[in-house]
Engineer: 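Before anything else, here's the structure in question.
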Amino acid sequence: MRPSIRFALESAAELTRNNRLVDAVAVAEAAINRATDEEHPEIQQWLTDHAHDFTGEDGL
């Protein structure tokens, strides 16, 4: 996945942790809409692997 998309997803996670869910969804949605079909599976995997980034929990 392109660095700009990864950065957007990381930013969305940060916004979520700061209780700015509407802004987070807007950022993530824009990034996903810019992604190519080839990037979508990688984005899905990144979201799965980094769910704790959105919640602030370590998953333990």
Side-chain angles (χ1 to χ4, degrees):
M1 127 182 39
R2 287 173 281 163
S4 61
I5 292 178
R6 182 180 312 273
F7 179 77
L9 295 175
E10 291 168 351
S11 295
E14 180 66 24
L15 289 166
T16 300
R17 288 192 304 274
N18 289 317
N19 296 318
R20 294 179 57 197
L21 185 58
V22 173
D23 294 331
V25 170
V27 168
E29 182 179 28
I32 291 167
N33 286 339
R34 285 191 319 266
T36 64
D37 289 340
E38 292 79 24
E39 288 173 307
H40 285 168
E42 189 175 356
I43 290 169
Q44 289 175 328
Q45 187 62 53
W46 189 93
L47 290 170
T48 299
D49 293 346
H50 294 269
H52 62 278
D53 290 347
F54 289 84
T55 64
E57 298 175 359
D58 61 11
L60 296 176

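Quantities reported herein were computed from a predicted structural model and do not represent experimental measurements. Heavy-atom basis, side chains included; hydrogens, waters and symmetry copies ignored.
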Engineer: Let me confirm one number: the CD-NE2 distance from Q45 to H50, rounded to the nearest 0.5 Å.
Structural biologist: 9.0 Å
Engineer: Who clusters with V25? Use side-chain heavy atoms, under 4.5 angstrom, across I, L, V, M, F, W and Y, and order the result by chain and number.
Structural biologist: L21
Engineer: Please collect all side chain to side chain donor-acceptor pair (under 3.5 Å) contacts where either partner lies in residues 23-33, sequence neighbours excluded, each pair once.
Structural biologist: R20-D23
Engineer: Which residues pass the side chain to side chain donor-acceptor pair (under 3.5 Å) test with R34, sequence neighbours left out?
Structural biologist: none
Engineer: Tell me, which pairs form a salt bridge (Lys or Arg N to Asp or Glu O under 4.0 Å) where one or both residues lie in residues 42-53, sequence neighbours left out?
Structural biologist: R6-E42
Engineer: Can you give me the closest heavy-atom contact between A35 and R2, atom names plus distance?
Structural biologist: CA-NH2, 3.6 Å
Engineer: Report the hydrophobic cluster partners of L15, with the cluster defined as I, L, V, M, F, W, Y residues connected by side-chain heavy atoms closer than 4.5 angstrom, directly or transitively.
Structural biologist: V27
Engineer: Enumerate donor-acceptor pairs with a distance under 3.5 Å from any side-chain N or O in residues 7-14 to protein atoms, sequence neighbours excluded.
Structural biologist:
| unit_1 | atom_1 | unit_2 | atom_2 | d |
| --- | --- | --- | --- | --- |
| S11 | OG | F7 | O | 2.9 |
| E14 | OE1 | R17 | NH2 | 2.3 |
| E14 | OE2 | N18 | ND2 | 3.0 |

Engineer: Closest heavy-atom contact between I5 and E39?
Structural biologist: CD1-OE1, 3.6 Å
